[in-house]
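We use all heavy atoms of the structure for the numbers below, so side chains are in, but hydrogens, waters and symmetry mates are not. Numbers restart at 1 for each chain; the letters A, B, ... are given by sequence-line order, proteins then strands.
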There are 2 protein chains.
Amino acid sequence: MLNLERQDEILAILSKNRSATVGELAKALYVSEATIRRDLIEMDHLSMIRRTHGGAVLSRNTALESAFAVREMTRLTQKRMICGLAIELIRDNSTLILDSSSTVMAIIPLLQRFHHLTVATYGIRTALMLSNLKNVDVYIVGGRVENFSNSVLGVPANDFLATVNADFALLSCSGINSHGEITDDSLETAQLKRVIVQRADKILLLCDSSKFDRTMMNTALRLENADYLITEKKPSVEYANLIQKNGCQLICGERI
Amino acid sequence: MLNLERQDEILAILSKNRSATVGELAKALYVSEATIRRDLIEMDHLSMIRRTHGGAVLSRNTALESAFAVREMTRLTQKRMICGLAIELIRDNSTLILDSSSTVMAIIPLLQRFHHLTVATYGIRTALMLSNLKNVDVYIVGGRVENFSNSVLGVPANDFLATVNADFALLSCSGINSHGEITDDSLETAQLKRVIVQRADKILLLCDSSKFDRTMMNTALRLENADYLITEKKPSVEYANLIQKNGCQLICGERI
DNA sequence: CCATTTATGCTTGTTTATGCTCATATTATA
DNA sequence: TATAATATGAGCATAAACAAGCATAAATGG
């Protein structure tokens, strides 16, 4: 077995189990422990992994790289359910604005049922997925491409969206807190969302239940900005009241 | 068996097995191990594979390949070679404009070797692939997303690029004819390319040899607009003269 | 037609990868 | 804390792989 091939294999094993001992790896790859150690030293040096006494664990760096892929996969059932509820509000021939979140991306396959839609987005993967739908005209904002969030951001992005007139905006967020603040983990996406709520007739906020009681770095919107809050699970009475008080209609998978 | 043909075969073998030893490859392709090693050195330099003591492993550019199955591109070896020539002209800290073609996409893995680059593009897959490179700041134009060509087009796209100042523009085309016309199969990409040649200091035209003697729907540029024409195979004397007469420098894999 | 270049194969000295042993360092446990 | 158990790093030997230089044959160019 070749050197690099073995290192690939080590990475694969670590991805599965999160960590592994030198002994385990040596046994699995039919080489001596000395060889494994030499591999680990090299891989550690390249920040592919982190060595520990006795073995190695995945480096946080590697985890970060696939951050979006992971986000995309997690809570997929919840996301599908939320999108199933949201799609009922959309009408044929509408114009939509979509954010770049994985939650909102889950609605894309459902858009095929409409005769025609026009969609603007600042999500680069979102745009790519949308472009495969025959019945949708897709527009993407211009600007700087940010890998972590798969977003196109910056002044041109704001300017572009400021000229769009949409029927619906579908937004997600990183957290909702008990002050009715809808928060995001980036200044720029927060700013973009403030532009978007000015440009769409109805604002649909799609949030799975894990977002409640979380406050992130930047307050993007307030609950009163949203026309609908769509979630898969009945929120606490406190939040249900808060939502109602802000003139926002709560839609959820469970009976309220 | 020709050089490039053999390298294609090596790639095919590696795609099947993920890795191969020098000995295996030599036996499979009926050449000496020295020849295989020389191929592997070259292919490693183009990031097609990773060399390792004893053989080679498929380049595990997970980040890059997630965006697009680069390996499924037609005429990949030719494109790699063209890009291997083009990369030599690029300098650290440059600003580039890339079109949305698959030919130009093949240069993306090679950009990792630079310390820093700024890249603007109207290709949506191109932008997504680029965004995985840590050393590159990526900008995408805004506009309508066209699925067929993976391009972002329209007035905003033109406007965006009209404000960019770049050191290099890397463009491909659908056809070059004996009148020195560089032609495209869409009015809008042709128009965009006319904007781009105004905004970049050096225009690099990347065309595999199949593009010669073909005229498509729209004349985007003329040979005199290009500073370099980069191709993998020596063009006919007629074309070589035409290129030279238009003040365009011909760079090709074969000796002129 | 001859001069050059290019691709390939062969030979040889050098480098690399690996496993083994043993002294040292780290962790676990009594 | 002291002691046992385990992991580690360094040095060494060996076999395999490698780079470089040279020679030959084919392709290319004038």
Side-chain angles (χ1 to χ4, degrees), chain A residues 1-11 13-14 17-46 48-59, chain B residues 1-11 13-14 17-46 48-58 60 77-78 80-82 84-85 88 209 231-241 243-244 249-256:
Chain A
M1 184 182 243
L2 301 170
N3 193 326
L4 286 183
E5 198 182 0
R6 191 179 54 239
Q7 293 189 13
D8 277 353
E9 200 56 41
I10 290 174
L11 208 58
I13 292 172
L14 282 174
N17 308 355
R18 181 110 205 109
S19 74
T21 68
V22 173
E24 282 165 16
L25 293 170
K27 212 161 148 190
L29 302 172
Y30 305 101
V31 290
S32 73
E33 299 196 352
T35 300
I36 294 293
R37 287 201 183 92
R38 279 186 275 245
D39 282 337
L40 294 183
I41 288 169
E42 203 175 316
M43 294 170 76
D44 184 44
H45 204 251
L46 295 170
M48 299 169 76
I49 57 149
R50 280 180 303 162
R51 284 190 78 191
T52 63
H53 195 84
V57 294
L58 266 191
S59 92
Chain B
M1 183 183 247
L2 292 160
N3 196 324
L4 286 186
E5 210 178 323
R6 190 178 54 238
Q7 292 189 13
D8 268 345
E9 200 55 40
I10 291 175
L11 205 58
I13 292 172
L14 281 174
N17 309 353
R18 233 170 67 75
S19 77
T21 67
V22 174
E24 283 165 16
L25 292 170
K27 214 161 147 191
L29 302 172
Y30 304 101
V31 289
S32 73
E33 299 197 350
T35 300
I36 295 293
R37 287 200 184 93
R38 280 184 275 246
D39 283 337
L40 294 184
I41 288 170
E42 201 175 318
M43 294 170 77
D44 183 48
H45 188 68
L46 295 176
M48 300 171 77
I49 56 150
R50 287 178 299 160
R51 274 193 88 192
T52 184
H53 196 85
V57 185
L58 261 194
R60 180 190 42 79
T77 309
Q78 285 85 349
R80 293 276 193 175
M81 173 172 273
I82 291 167
L85 297 167
E88 300 296 334
S209 54
T231 185
E232 91 285 8
K233 211 171 110 185
K234 193 174 67 172
S236 70
V237 179
E238 181 196 5
Y239 274 99
N241 288 337
I243 291 162
Q244 197 191 7
Q249 188 174 338
L250 176 63
I251 298 180
C252 63
E254 293 185 333
R255 196 182 145 67
I256 304 176

**Asked** Among all residues two or more places apart in sequence or in another chain, which pass the side-chain contact (heavy atoms from CB on, under 4.5 Å) test with B/His45?
**Response** B/Glu88, B/Arg113

**Request:** Round to the nearest Å and state the distance from A/Leu25 atom CG to C/dG19 atom P.
**Result:** 14 Å

Check nucleotides 14-23 of chain D for protein N or O atoms closer than 3.5 Å to its own N or O atoms and list the pairs.
{"unit_1": "D/dA17", "atom_1": "O4'", "unit_2": "B/His53", "atom_2": "NE2", "d": "3.2"}
{"unit_1": "D/dA17", "atom_1": "O3'", "unit_2": "B/Gly54", "atom_2": "N", "d": "3.0"}
{"unit_1": "D/dC18", "atom_1": "OP1", "unit_2": "B/Gly54", "atom_2": "N", "d": "2.7"}
{"unit_1": "D/dC18", "atom_1": "OP2", "unit_2": "B/Arg37", "atom_2": "NE", "d": "2.7"}
{"unit_1": "D/dC18", "atom_1": "OP2", "unit_2": "B/Arg37", "atom_2": "NH2", "d": "2.7"}
{"unit_1": "D/dC18", "atom_1": "O5'", "unit_2": "B/Arg37", "atom_2": "NE", "d": "3.2"}
{"unit_1": "D/dA19", "atom_1": "OP1", "unit_2": "B/Arg51", "atom_2": "NH1", "d": "3.1"}
{"unit_1": "D/dA19", "atom_1": "OP2", "unit_2": "B/Arg51", "atom_2": "NH2", "d": "3.3"}

**Item:** Global bending angle along the helix from C/dC1-D/dG30 to C/dA30-D/dT1, which compares the axes of five pairs at either end, to 10 degrees
**Value:** 50°

**Asked** B/Arg6 CZ to C/dG9 C1': how many Å, rounded?
**Response** 12 Å

**Message:** Applying side-chain hydrogen bond (donor to acceptor under 3.5 Å, both in side chains), can you list everything that pairs with A/Glu5, at least two apart in sequence or on another chain?
**Reply:** B/Ser19

**Request:** Could you tell me whether the phosphate oxygens of C/dA17, OP1 or OP2, come under 4.0 Å of any side-chain nitrogen or oxygen in A/Thr35?
**Result:** no

**For B/Thr52, all residues meeting side-chain hydrogen bond (donor to acceptor under 3.5 Å, both in side chains), sequence neighbours excluded** = none

**Asked** Partners of A/Ala56 by side-chain contact (heavy atoms from CB on, under 4.5 Å), sequence neighbours excluded?
**Response** A/Leu14, A/Leu40, A/Ile49

**Asked** Taking C-beta and beyond as the side chain, do B/Ile82 and B/Ile251 meet within less than 4.5 Å on heavy atoms?
**Response** no

**Length of the line joining A/Asn3:CG and C/dT15:C1', which is rounded to integer Å** = 14 Å

**Message:** Under the rule for side-chain hydrogen bond (donor to acceptor under 3.5 Å, both in side chains), what residues qualify as partners of B/Thr21, not counting sequence neighbours?
**Reply:** none

**Complete:** Heavy-atom nearest nucleotide on DNA chain C taken for B/Ile36 and for A/Met1; more 5' hit belongs to B/Ile36

**Complete:** Contacts satisfying salt bridge (Lys or Arg N to Asp or Glu O under 4.0 Å) that involve residues 27-41 of chain A (not counting sequence neighbours) are A/Arg6-A/Asp39, A/Glu33-A/Arg37

**Request:** Could you tell me which residues satisfy side-chain hydrogen bond (donor to acceptor under 3.5 Å, both in side chains) with B/Ser32, sequence neighbours excluded, listed by chain and number?
**Result:** B/Thr35

**Prompt:** Once you round it to whole Å, what is the distance between P of C/dG19 and CG of A/Leu29?
**Reply:** 11 Å

**Message:** Just the rounded figure in Å: distance from C1' of C/dT18 to CG of A/Leu40.
**Reply:** 15 Å

**Message:** From CD of A/Glu5 over to C1' of C/dT18, roughly how many Å is that when rounded to an integer?
**Reply:** 16 Å

**Message:** Between C1' on C/dT18 and CG on A/Leu2, what's the gap in Å once rounded to a whole number?
**Reply:** 14 Å

**D/dA27 phosphate, OP1 or OP2, under 4.0 Å from B/Lys234 side-chain N/O** = no

**Asked** Roughly, in whole Å, what's the span from CD in B/Gln7 to P in C/dA7?
**Response** 10 Å

**Prompt:** Heavy atoms, side chains only, cut-off 4.5 Å: are A/Ile41 and A/Arg51 in contact?
**Reply:** yes

**Prompt:** Is the phosphate of C/dG9, meaning OP1 or OP2, less than 4.0 Å from a side-chain N or O of B/Ser32?
**Reply:** yes

